[in-house]
2 protein chains.
Amino acid sequence: MSQSERNARVRLVDVARAAGVSKTTVSDALNGAGRLPAATREHVRQVARGLGYRPNATARLLRRGHTRLLGVAAREYVDTPWVYADLAYFSQLTTATTRAALSHGYGVVLLPTSGPEDCWLDMPLDGVFVIDPVAGDPMVGDFLAAGVPVVSDRRALSEAGSGARENGRWVDFDYDGAARQVFDHLEAAGARRIAVVAATATACFHQRSVGTYHDWCAERGREPRIVLLPSPGVQQMLDAVRELLAADVPPDALVTLVEVSPPLLLDTIRRLGRSVPDDLLLVCATEDPAASYTDPPVTTLSFLPGETARAAVDLLVDRIEGRAGDHGRLFSADLRIRSSSAFPGRRPALG
Amino acid sequence: MSQSERNARVRLVDVARAAGVSKTTVSDALNGAGRLPAATREHVRQVARGLGYRPNATARLLRRGHTRLLGVAAREYVDTPWVYADLAYFSQLTTATTRAALSHGYGVVLLPTSGPEDCWLDMPLDGVFVIDPVAGDPMVGDFLAAGVPVVSDRRALSEAGSGARENGRWVDFDYDGAARQVFDHLEAAGARRIAVVAATATACFHQRSVGTYHDWCAERGREPRIVLLPSPGVQQMLDAVRELLAADVPPDALVTLVEVSPPLLLDTIRRLGRSVPDDLLLVCATEDPAASYTDPPVTTLSFLPGETARAAVDLLVDRIEGRAGDHGRLFSADLRIRSSSAFPGRRPALG
DNA sequence: TTGAAAGCGATACCAT
DNA sequence: ATGGTATCGCTTTCAA
């Protein structure tokens, strides 16, 4: 049964035999190569179609020497995998990566964040985009050692050592600048007690942002007010907000670095008897498009998944196809100021 | 340069030469196969490591005869691709598919919904999950013709014809039953003027649900109140709601079949001066976990992306690995009744 | 114009 | 215990 099914699969030689020509002729006819007479070409095509012949993809790949497949791995929650399913940031990033890859003729493989050691090396990839690598991330080193071009961040590349100069490319964010931009903006809007919700995640984004927050507070002699969530989740997020707002001297500004639905957050704050932006200024790090449709519209900090993905893919594809190109791209996050963080009484126009 | 780089890639024979043994011995030593003396094995491993040898994934695949790669294609918005990036349903579905695949040792390739004809056939896949196939979807037929197992829905399989009995498996929803369950529930809660927002999408879900709505209205001699969105998007969605609520005799219940953020929708309705559930009962087809945290919590209709994905992958993997198994699975959508659609005055417990 | 043969790189069989 | 050799299915070079 299984045997007969395997044999049922029509190969190139079968077509050649049936058409009474050689493998070469069949290959050329089907690929539009060579300079065959139109009659032969058509005949071969007829026979191939009749037999239901489809070329074996793997064999062509081996012959071609490349697979036109890019890997994507989101490493932020590498220990509690897949929680990022609900996070708009990762969802948009992988989707944007896929779209960018397709525009270059590449497919995208979603890589495991866990699993047997090295299992990712079994995948026939031309390049890999490792998002939010953890410290000492083995994945980056493994791929570079295997000679597979990698896009990640500068820290991961420098840790990986050899191979990085040749095949490593980077996409970095100015996390420090982004965080300062948020805090400075809130301070300018009158905030003096800024509270933050972040995650105890391994990713650069959280670690750097939290670090910057502490620095920023220290520079001003202010007490940090921060809740670190061990994992994302609506309930945890809302609980953290309640906890922060319940302080004896409540904060006058809130920054959420963990993704949360802006309208839900606004509603929760409202139910706690606080008003945005009058009692509380609000800035959310989120990619949720709903943020601009709430009342008031919510100021957001975006890490530009679309642009990041395109840059990463361009970098990767340039390297794979042997074109010269940049070694990396530095991005600044995009702070979209809306009414939720406006100086009370001086709200920007809606929208 | 390119030449030297290609040659720089260490192959199995290079290791064999360097270690002074044959290719077989290297292969066995590295794969833990054969019965080599521990000394030889260790020596070969040393040499391999020293040379930085990594096996060529494509070559192993060709040899193995399978790739352990599954394709996923979401076809709903095949003409306006990638708009589904923001839709929690597809995001969760692809993520769940990836997780299920990984648990079987398979990777997942995100397939293009557009692009050169047949381009998907160039990918070395062991199986494919075609979500929401369009009418006469060529993708399903192409893969089946190529002998690649496919999971899709029964309609797509029957249209594809030959090859479907052998390699076709299906996952279907009782869309009709789901829609009726929603409308019956709302009617029981007192609704007499149910309005619907749906999409002019090609997917079964929208077409069937809209059809059922019209049938259901006709059976009761009611006038359908429906807005069909040409594409998803926050703005279009909210506009549709405004339009429906602005009717001379406004609806007393609203069903959204296009994904929308429940807290944002609630807020919008509130701003239009209506109260949920007192003036308006609300049911949303959405996978957004925020729905249960709003005030009032929103009744949702879920199409179980997690369970669907797992079923699809199980079906696919059983077929690929030659195990007997079901030919398909029929799912019922999951209606989670919450306060937003409760009989006014008789609200269920919060949560 | 056509076809034979040599790869692509790794693995499995079967001698030794 | 080890190594030669055929094989996976296709593309490409080169000779006829």
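From a predicted model like this one, the values you see are computed outputs, not experimental measurements. Chain letters run A, B, ... following the sequence lines, proteins first, then strands; residues in each count from 1.
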Quiz item: Any idea which of C:dA5, C:dT11, D:dC10 is nearest the A:Thr24 side chain?
Solution: C:dA5

Quiz item: Is a side-chain donor or acceptor of A:Asp153 paired with a backbone partner of A:Asp172 at a separation under 3.5 angstrom?
Solution: no

Quiz item: What pair of heavy atoms forms the shortest contact from A:Leu12 to A:Lys23, and how long is it?
Solution: CD2-O, 4.0 Å

Quiz item: Rounded to the nearest Å, what distance is computed from the CG atom of residue A:Leu61 to the C1' atom of nucleotide C:dA10?
Solution: 15 Å

Exercise. Using a 4.0 Å heavy-atom cut-off across all strands, classify B:Thr40 as base, sugar-phosphate, or nothing.
Key: sugar-phosphate

Exercise. Would you mind reading off the distance between A:Asp14 atom CG and D:dG9 atom P, rounded to a whole angstrom?
Key: 9 Å

Exercise. Could you tell me the separation between the CZ atom of A:Arg11 and the P atom of D:dT11, rounded to a whole number of Å?
Key: 14 Å

Quiz item: Can a donor-acceptor pair be found between the side chains of A:Asn167 and A:Arg319 at a distance below 3.5 Å?
Solution: yes

Exercise. May I ask you to say what A:Arg60 touches in the nucleic acid, namely base, sugar-phosphate or nothing, with a heavy-atom cut-off under 4.0 Å?
Key: sugar-phosphate

Exercise. Nearest-nucleotide wise, let me know which of A:Lys23 and A:Asp28 is further upstream toward the 5' end of DNA chain C.
Key: A:Asp28

Self-check item: Minimum-distance nucleotide to B:Ser22 side chain [options: D:dG4, C:dG9, C:dT11]
Solution: D:dG4

Quiz item: OP1 or OP2 of D:dC10 sitting under 4.0 Å from any side-chain N/O of A:Tyr53?
Solution: yes

Quiz item: What's the NE2-P distance between B:His43 and D:dT2, to the nearest Å?
Solution: 12 Å

Quiz item: Nearest of C:dT2, D:dT12, C:dA10 to any side-chain atom of B:Ala59?
Solution: C:dA10

Exercise. Give the rounded distance in Å between these two atoms: CZ of A:Arg63 and P of C:dC8.
Key: 8 Å

Exercise. Select from B:Leu62 and B:Thr25 the residue whose nearest nucleotide in DNA chain D is closer to the 5' end of that strand.
Key: B:Thr25

Exercise. Can you tell me the distance, in whole Å, between the CZ atom of B:Arg17 and the C1' atom of D:dG3?
Key: 15 Å

Exercise. Taking all non-hydrogen atoms of both residues into account, name the closest pair between A:Asp326 and A:Leu315 and its distance.
Key: O-CD1, 3.7 Å

Quiz item: With a 4.0 Å cut-off on heavy atoms, is B:Val26 in touch with a base, just the backbone sugar-phosphate, or nothing at all?
Solution: nothing

Quiz item: Which whole-number value in Å describes the distance from A:Leu12 CG to D:dT7 C1'?
Solution: 16 Å

Exercise. May I ask you to verify whether the side chain of B:Arg64 and the base of C:dT11 hold a donor-acceptor pair under 3.5 Å?
Key: no

Self-check item: A:Thr67 side-chain N/O to A:Pro124 backbone N/O, donor-acceptor pair under 3.5 Å
Solution: yes

Quiz prompt | Nearest-angstrom distance from the residue atom CG of B:Asn31 to P of C:dA12 | solution = 8 Å

